[in-house]
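Take a look at the structure set out below.
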Number of protein chains: 2
Amino acid sequence: MYLASLGELALGSRLKALSDHFYAAADEVYRSCGAPIESRWFPVLRYLWEHDATTVSEVATAIGQTHSAVSQLADKLVRAGLVKRRKDARDGRRSLLVLTDKGRGALTSLGPVWVAIRRGAMASLGQDGLTLLAALDACEKALQERPLVASILAEHAALGAAELEIISYEPALKEHFYRLNAAWLERYFRLEDIDRVVLGDPGRYVLKPGGAIFFARLGGEIIGTCALLHESPGVYELSKMGVDEAFRGLGAGRRLLDAAIAEFQRRQGRELFLESNSRLKTALRMYEQAGFVMQPSVRPGSHYERADVYMVYEENSRRPHPLGQGAAKRTRRTG
Amino acid sequence: MYLASLGELALGSRLKALSDHFYAAADEVYRSCGAPIESRWFPVLRYLWEHDATTVSEVATAIGQTHSAVSQLADKLVRAGLVKRRKDARDGRRSLLVLTDKGRGALTSLGPVWVAIRRGAMASLGQDGLTLLAALDACEKALQERPLVASILAEHAALGAAELEIISYEPALKEHFYRLNAAWLERYFRLEDIDRVVLGDPGRYVLKPGGAIFFARLGGEIIGTCALLHESPGVYELSKMGVDEAFRGLGAGRRLLDAAIAEFQRRQGRELFLESNSRLKTALRMYEQAGFVMQPSVRPGSHYERADVYMVYEENSRRPHPLGQGAAKRTRRTG
DNA sequence: GGCAATTACGTTAGTGCTAACGCAATTGCC
DNA sequence: GGCAATTGCGTTAGCACTAACGTAATTGCC
């Protein structure tokens, strides 16, 4: 499922899809049981069943919809003969909704169906259903206490103020090198033995043979990393590039790449290549923009199982950073 | 929140409400950041961003919508200048969707906003957000493996086949007496000391003083209970009535009530009363239909804190069981 | 009493989506 | 090659809902 890979960003779409699924299922059940109601009517009907003689707005606030929606729904229910409208004697503006005998009878005979729905949902969803319900509760509450928009805008402001820095390796950052790389490796592939070894001791396997490691730091937090491996005299490999999922899109990857390329050039290297996988589309696009050129076949003697892409750096195919000067200005090279 | 009390029955409505909430929040953020896109466009745009030059139906299946929806959305995106349509040279039916430069630029500069949304959602929802995402994943998967409608219809058939029996107390059922009563007490009020004592040893506190206890059994499972307490010579109290949440609406409560009333009459009792709480609307309605009449004030010297309703049984105010003869026929008195 | 603010409700226009249909192109099969 | 089935897409009608507005009645305040 593609949407699942988007995490929080596509929550709305996924929730809606699931919601429609439940509605459709309930409708199908009602139809096959011969019940004369539709799934969308349920909250209103159930509320009237439990409360009888309530106003439109009372129902509306109870079920969390606008009074218009309830009013229109009430029209339908009246047409279906399940509900009747009554004028409130004391307050002429109000119109009271009451179940008709037919309506009450229909709902009463619907009891077994509702029981079946509850139990059927439990049977299909199992423990996950309860977890979902609990999470819904918690999220509804959390959103009331901490409005989403305010939180997002606060984060946005914080991001705008924070500086994106590229820094060199320090032993204190060793764990970050492992964490950031393990994250995408485990997600898309799996940790190969060679990964575990190299990631676990970057000083020995990257720096000592003549390589370099860079980190991206945003507002004090390490959000990405990238390594330049010294493969043989004059030949370097770009590898171990990883940016924290939550911070993708800020240009940290491209910035790390540029830092590694600059280091390659500072050392007057002769060849810079990388190996990757065709599934990592956004990464490949970034490599191309930074100046790497796709090669027709994989590199001979690759030491990664997952490598099916082989790219080589060519100075003149380089394109400018898409986020432009504004982002570049905030970059500072330290360490 | 009323909908939350409906459990699985109102899942669709709650999911939709939450979905709309997220959409609205995202729209507000985009607006206040000056981004020229709408939240509903996101899945399509993001997919095009990662894949470029894809067909309508590929996008549709990826994001789980119909091709019509994607087609109409594509029209909007074309009007907004973010996307262009291209004919596929090899297959004349296809029209390929590609981001325009403007579109790609807009999405690239949207990176920080997406990061802010992710982090803002995390800040607002905290751990609950992750739980919700995980539960969503699990439920989507579960629904594919075990279709909801099939499960519900299976449960419905099982309910129709199962027999609803009312049985008398046996020591082996002691735990059920506690469980069924503790459930609603803890949900609506809290367990008072007197409850714990009586529920823990019904033999001593209900049967020995001259009372009776009934259970409702459906297909071998104990789903409800009800007690008739002997208060003083000729005076009985109806109490400790509880039906498992998942089995409400099957008429078990009314059946239990009738059994208790029948027992009261068999013993030629003089007065039968009950104490309850005005929050338990459906229960009160059931009591009224069974023949209990609301009294103007609470019973003097009540031993429950939660009691604010006092009802007395009157033979002639009794009304027939709403589920009718069909349900009654399946009832059998045993034990 | 008089007048503004509020409350309750209905109506209308518009949005986002689906189902259903139709057309064009491709594929499969004899 | 010829013809049916399938695939890909666009269009239309319709549904559920909201936002925005208008109307009627009530409440609050001087």
Side-chain angles (χ1 to χ4, degrees), chain A residues 10 12-28 31 37-45 53-80 83 85-97, chain B residues 10 12-28 31 37-45 53-80 83 85-97:
Chain A
S13 302
R14 292 176 72 193
L15 290 171
K16 176 154 197 315
L18 197 56
S19 161
D20 286 340
H21 188 96
F22 282 119
Y23 278 132
D27 275 329
E28 196 173 335
R31 234 177 303 123
I37 82 165
E38 296 179 19
S39 59
R40 312 251 169 186
W41 304 355
F42 174 76
V44 170
L45 284 177
T54 45
T55 67
V56 171
S57 16
E58 183 184 336
V59 177
T61 56
I63 68 177
Q65 295 199 334
T66 62
H67 71 105
S68 311
V70 175
S71 176
Q72 291 170 14
L73 193 47
D75 287 340
K76 279 189 201 171
L77 297 177
V78 168
R79 268 199 298 278
V83 164
R85 295 188 119 111
R86 244 180 22 207
K87 280 280 164 198
D88 186 330
R90 289 168 309 185
D91 187 336
R93 298 167 304 176
R94 298 186 169 204
S95 92
L96 297 175
L97 302 179
Chain B
S13 303
R14 291 176 72 194
L15 290 172
K16 177 158 195 316
L18 197 56
S19 162
D20 286 341
H21 188 97
F22 282 119
Y23 277 133
D27 275 328
E28 197 174 333
R31 234 177 303 123
I37 83 165
E38 295 179 21
S39 59
R40 311 252 170 186
W41 302 356
F42 174 76
V44 170
L45 284 177
T54 45
T55 68
V56 170
S57 17
E58 183 184 336
V59 177
T61 57
I63 67 177
Q65 293 200 334
T66 62
H67 73 104
S68 314
V70 174
S71 176
Q72 291 170 14
L73 193 47
D75 287 341
K76 279 189 201 170
L77 296 177
V78 169
R79 269 198 298 278
V83 164
R85 294 187 121 112
R86 245 183 19 209
K87 280 281 166 198
D88 187 330
R90 289 168 310 185
D91 187 336
R93 300 167 302 176
R94 298 184 170 203
S95 91
L96 296 176
L97 302 179

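Proteins come first, then strands; the chains are lettered A, B, ... in the order of their sequence lines, and each starts at number 1. These numbers come from a predicted model, not from an experiment.
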To the nearest angstrom, the CZ-P distance between A/Arg86 and C/dC9 comes to 14 Å
message: Do B/Val70 and B/Ile63 have side chains that approach each other closer than 4.5 Å (heavy atoms only, starting at C-beta)?
response: yes
Would a distance-only check, ignoring hydrogens and angles, find a side-chain to backbone donor-acceptor pair under 3.5 Å from B/Asp27 to B/Ser39?
yes
A/Glu28 atom CD is separated from C/dT18 atom P, nearest whole Å, by 17 Å
Report task. List the steps and the verdict of side chain to side chain contact (heavy atoms under 4.5 Å, CB included) for A/Arg85 and A/Val78. Result -> CA-CA 8 Å; A/Arg85 295 188 119 111; A/Val78 168; 4.0 Å; yes
note: B/Leu77, atom CG; C/dT15, atom P; distance rounded to Å ~ 15 Å
task: Side-chain contact test, heavy atoms from C-beta onward, threshold under 4.5 Å: evaluate it for B/Val56 versus B/Leu97 and give yes or no.
output: yes
Derivation of the side chain to side chain contact (heavy atoms under 4.5 Å, CB included) call for A/Leu45 and A/Ile37: CA-CA 9 Å; A/Leu45 284 177; A/Ile37 82 165; 4.2 Å; yes
For B/Leu73 and B/Arg40, the nearest pair of non-hydrogen atoms, with its separation, is CD2-O, 3.8 Å
When rounded to whole Å, the CG to P distance for the pair B/Asp75 and D/dT12 reads 11 Å
Paired to D/dT27 by Watson-Crick or G-U wobble criteria (both distances under 3.5 Å) is C/dA4
What nitrogen or oxygen pairs link the protein and nucleotides 4-8 of chain D at under 3.5 Å?
| residue | atom | partner | partner atom | Å |
| --- | --- | --- | --- | --- |
| D/dT7 | O2 | B/Arg93 | NH1 | 2.3 |

Contact list (N/O, under 3.5 angstrom) for nucleotides 16-23 of chain D vs protein:
| residue | atom | partner | partner atom | Å |
| --- | --- | --- | --- | --- |
| D/dA16 | OP1 | A/Glu38 | OE1 | 3.3 |
| D/dA16 | OP2 | A/Lys76 | NZ | 2.1 |
| D/dA16 | O3' | A/Arg40 | NH1 | 3.4 |
| D/dT18 | OP2 | A/Thr66 | OG1 | 3.1 |
| D/dT18 | O4 | A/Gln72 | NE2 | 3.3 |
| D/dA20 | N6 | A/Ser68 | OG | 3.2 |

Checking N1-N3 plus N6-O4 or O6-N4 for Watson-Crick, or N1-O2 and O6-N3 for wobble, each under 3.5 Å, the partner of C/dT15 is D/dA16
When rounded to whole Å, the CG to P distance for the pair A/Asp88 and C/dT7 reads 17 Å
Please check this pair: side chain of A/Ser57 against backbone of A/Ala60, looking for a donor-acceptor N/O pair closer than 3.5 Å. no
Heavy-atom nearest pair, A/Leu15 first then B/Ser19, reads CB-CB, 3.7 Å
For this session: Take B/Asp20 and B/Lys16, measure what salt bridge (charged side-chain N to carboxylate O under 4.0 Å, His left out) needs, and give me the verdict at the end.
Result: CA-CA 6 Å; B/Asp20 286 341; B/Lys16 177 158 195 316; 3.0 Å; yes
A/Leu97 CG to C/dA8 P, in whole Å, measures 14 Å
